[in-house]
Amino acid sequence: FGDLLRQRFLQSDVYTKMDRQDLHSQASEWFQDNELMVDAFHHAVSSEDLERAADVLELAQPIMDMNLQSATWLKLLKSLPDELIRNRPVLSIGYAWALLDQGNLKDSDNRLQDAENAINVLSEEQAQGVLFSIATARAYKAQALGNSQDSITYSEKALELCSKESPEQYAQAVSGVAIAYWLNGDLEAAYQKFEVTQKEMEKLGNHVFAVGITIGLAELRIAQGKLNKAIKSYEESVQYAKEQGDDVFNITANHHLGLSELYFEQNNLGKSAEHLATAKSLSKTFMMVDWNYRLHIFEAKLKEPEEE
């Protein structure tokens with residue numbers, strides 16, 4: 001019935017181009033208010049308001065990126081005039097990151113340059129955020145190319161530019177520096193950077209990040225051959241998570257899997273089995289991206305003695 005009404009309305013004489021644009025504009029606003037950004041974008045385009053369409057994509061980028069929809073976002077972006085994109089640093093930096101996600105390092109560089117060239121149209125606060133993201137993107141690219149020195153340089157630059165008022169931005173910057181040192185083989189410097197980040201997150205009350213970063217700390221201790229210290233890192237973090245409540249404790253599946261692996265290496269099969277069972281139970285509530293990969297690798301390792 002709704003489709004019939006829509007068809008009759010579109011065919012009526014009272015339905016003018018202005019009416020159509022106004023309805024699409026209202027629809028775009030409604031979809032945006034309800035966080036349905038793809039529909040909001042399409043209605044903005046149908047209303048022939050490309051500036052609004054660009055605004056929608058700027059707002060949608062972090063949400064869609066977090067939901068692993070950067071390819072969809074990029075497809076929408078490419079439907080806009082390139083000149084419009086180049087004059088918007090926030091869109092240009094989003095464009096660059098979407099290209100990096102696809103492994104297109106060369107073209108991403110051009111978009112980073114576009115963002116820098118148009119930086120003057122932004123407020124001081126917005127410019128700081130874009131410059132931080134540019135430095136972070138260049139550090140990421142350097143890591144992908146195996147250029148450890150550039151990775152450290154750009155990661156340190158991102159740390160200088162990050163906002164201390166944004167716990168997430170600060171944590172991302174310090175973690176970036178830590179990873180850069182890690183890739184450069186300086187494991188102790190990497191550990192210290194991760195440790196500083198963890199303490200800052202605890203102070204700021206970002207308990208989830210403070211617990212999550214333990215995985216990096218433990219992996220570094222393992223790389224250094226310090227298995228007992230890795231176990232201690234995991235166990236202290238799990239205890240800290242318990243003290244913060246279920247919302248934080250429920251993200252510790254990878255911690256328990258790490259403990260299971262470490263106790264298995266020490267031939268403490270009882271504790272290994274106990275932590276593996278806990279890890280599997282917690283994974284039903286929350287799992288990290290690499291959960292299934294790590295679990296299957298470890299389970300294959302468990303079966304090796306049986307096969308022999």
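- Formation of a donor-acceptor pair under 3.5 Å by the S260 side chain with backbone atoms of L257 is not found in this model.
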Cut-off 3.5 Å, no hydrogens considered: what does the side-chain donor-acceptor table look like for residues 84-91, sequence neighbours left out?
unit_1: R86; atom_1: NE; unit_2: D82; atom_2: OD2; d: 2.6
unit_1: R86; atom_1: NH1; unit_2: D114; atom_2: OD1; d: 2.9
unit_1: R86; atom_1: NH1; unit_2: D114; atom_2: OD2; d: 2.7
unit_1: R86; atom_1: NH2; unit_2: D82; atom_2: OD2; d: 3.0
unit_1: N87; atom_1: ND2; unit_2: E83; atom_2: O; d: 3.2
unit_1: R88; atom_1: NH1; unit_2: D55; atom_2: OD1; d: 2.9
unit_1: R88; atom_1: NH1; unit_2: E58; atom_2: OE2; d: 2.9
unit_1: R88; atom_1: NH2; unit_2: E51; atom_2: O; d: 3.4
unit_1: R88; atom_1: NH2; unit_2: E51; atom_2: OE1; d: 2.8
unit_1: R88; atom_1: NH2; unit_2: D55; atom_2: OD1; d: 2.9

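- Linking Ile, Leu, Val, Met, Phe, Trp and Tyr residues whenever their side-chain heavy atoms come within less than 4.5 Å places V196 and L187 in a single cluster.
- A donor-acceptor pair is defined here as one N or O able to donate and one able to accept, closer than 3.5 Å; no such pair exists between the side chain of T252 and the backbone of V248.
- Two residues are said to be in side-chain contact when any heavy atoms from C-beta on lie closer than 4.5 Å; F249 and V211 fail this criterion.
- Inter-residue side-chain proximity for D39 and W30 is flagged as unmet; no heavy-atom pair is nearer than 4.5 Å.
- With contacts defined as side-chain heavy-atom distances shorter than 4.5 Å, the pair K78/Y95 qualifies.
- Nearest heavy atom pair, residue F298 against residue S272, reads CZ-OG, 3.9 Å.
- No side-chain donor-acceptor contact under 3.5 Å links S151 to the backbone of N147.
- Crowding of E125 atom CD: a count of heavy atoms from other residues, nucleotides or ligands under 6.0 Å not exceeding 12.
- Rounding to the nearest 0.5 Å gives a distance of 12.0 Å between NE2 of H42 and CG of L36.
- Annotation: side chain of E195 is not in contact with side chain of I213 (no heavy-atom distance under 4.5 Å).
- Between atom CG of residue N267 and atom CG of residue L269 there is a gap of 5.0 Å, rounded to the nearest 0.5 Å.
- Between the Q61 side chain and the G94 main chain, no donor and acceptor come within less than 3.5 Å of each other.
- In this structure, S108 contributes its side chain and A96 its backbone to no donor-acceptor pair below 3.5 Å.
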**Criterion salt bridge (charged side-chain N to carboxylate O under 4.0 Å, His left out) on E265 and K301, from CA distance to verdict** = CA-CA 11 Å; E265 290 296 327; K301 196 172 185 180; 2.4 Å; yes

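- Looking at R138 and D150, no side-chain N of the basic residue comes within less than 4.0 Å of a carboxylate O on the acidic one, giving no salt bridge.
- Counting non-hydrogen atoms of neighbouring residues, nucleotides and ligands closer than 6.0 angstrom, the CD atom of E35 reaches no more than 12 such neighbours.
- Q21 and S47 are not linked by any side-chain donor-acceptor pair at a separation below 3.5 angstrom, with hydrogens and angles left out of the test.
- If you check the side chains of Q69 and D65, you find no donor sitting under 3.5 Å from an acceptor.
- Each of H256, H275, R294 was evaluated against E261; a single residue qualifies, R294, per the side-chain hydrogen bond (donor to acceptor under 3.5 Å, both in side chains) test.
- The aromatic ring centroids of Y240 and H207 lie less than 6.0 Å from each other.
- Cluster membership check: V174 shares its hydrophobic cluster with L220, using side-chain heavy-atom separations under 4.5 Å among Ile, Leu, Val, Met, Phe, Trp and Tyr.
- The closest side-chain donor-acceptor pair between D109 and Q113, if any, does not fall under 3.5 angstrom.
- At a cut-off of 3.5 Å, with distance as the only test, a side-chain donor of S123 or Q126 sits close to an acceptor on the other residue.
- Checked against the 6.0 Å centroid criterion, the rings of W182 and Y191 do not qualify as a close aromatic pair.
- Counting non-hydrogen atoms of neighbouring residues, nucleotides and ligands closer than 6.0 angstrom, the CG atom of N104 exceeds 12 such neighbours.
- A 4.5 Å side-chain heavy-atom check between I93 and R111 finds every atom pair outside the cut-off.
- Considering all non-hydrogen atoms of both residues, G176 and Q143 come closest at O-NE2, 3.9 Å.
- In this structure, F41 and S79 have side chains that are in contact, with non-hydrogen atoms separated by less than 4.5 Å.
- The closest side-chain donor-acceptor pair between N184 and S148 falls under 3.5 angstrom.
- In the hydrophobic clustering of ILVMFWY residues, with side-chain heavy atoms under 4.5 Å counting as a link, W73 and F31 come out apart.
- For K141, the NZ atom sits in a packed shell: over 12 heavy atoms of surrounding residues, nucleotides or ligands are nearer than 6.0 Å.
- Hydrophobic cluster membership is shared by F209 and L159, with clusters built from Ile, Leu, Val, Met, Phe, Trp and Tyr side chains linked at under 4.5 angstrom.
- Judged by distance alone, the side chains of S70 and D101 do bring a donor and an acceptor atom under 3.5 Å apart.
- Between T278 and L259, the closest side-chain pair of non-hydrogen atoms is not below 4.5 Å.
- Checked for salt-bridge contact, E188 and R221 meet the test: a charged N lies under 4.0 Å from a carboxylate O.
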**Message:** salt bridge (charged side-chain N to carboxylate O under 4.0 Å, His left out), that's the test. Do E236 and K229 meet it? Break it down for me.
**Reply:** CA-CA 10 Å; E236 287 180 351; K229 287 190 175 181; over 6 Å; no

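- The closest side-chain heavy-atom distance from T214 to F194 is not below 4.5 Å.
- Connection of I134 to L105 is established within a shared hydrophobic cluster, with ILVMFWY side chains joined at heavy-atom distances below 4.5 Å, either directly or through further cluster members.
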**Request:** Check the pair Y154 / Y140 against ring-ring contact (aromatic ring centres under 6.0 Å, His included), numbers first and verdict last.
**Result:** CA-CA 9 Å; Y154 286 120; Y140 177 89; over 10 Å; no

